[in-house]
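In this text the structure is predicted, and so the values were computed from the model without any measurement.
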Amino acid sequence: MPEDRPRGGGPAGGTAPVRVLVWWVVAAVIIVILWPVFFF
């Protein structure tokens, strides 16, 4: 009987690095928006 959710480290495509990149972009956008607020 095949498993519904096979064991392992997630999908074979490897979406984890993409998710990390998205978080870095979000953090950069927040920093760029808040930088003038605090320093100007």
Side-chain angles (χ1 to χ4, degrees):
M1 180 187 306
E3 295 183 1
D4 292 334
R5 292 182 293 166
R7 294 176 214 115
T15 58
V18 175
R19 189 170 297 152
V20 171
L21 177 64
V22 169
W23 279 112
W24 275 110
V25 170
V26 170
V29 169
I30 291 173
I31 290 171
V32 167
I33 291 172
L34 292 181
W35 189 271
V37 173
F38 285 112
F39 293 104
F40 292 106

*Can you sort out the partners of I31 under side chain to side chain contact (heavy atoms under 4.5 Å, CB included), two or more places apart, ordered by chain and number?*
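I31 satisfies side chain to side chain contact (heavy atoms under 4.5 Å, CB included) with W35 only.
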Do you reckon [X] sits in the same ILVMFWY cluster as [Y], going by side-chain contacts under 4.5 Å, direct or chained?
X   : Y   : answer
F39 : V32 : no
L34 : V26 : yes
V29 : V37 : no

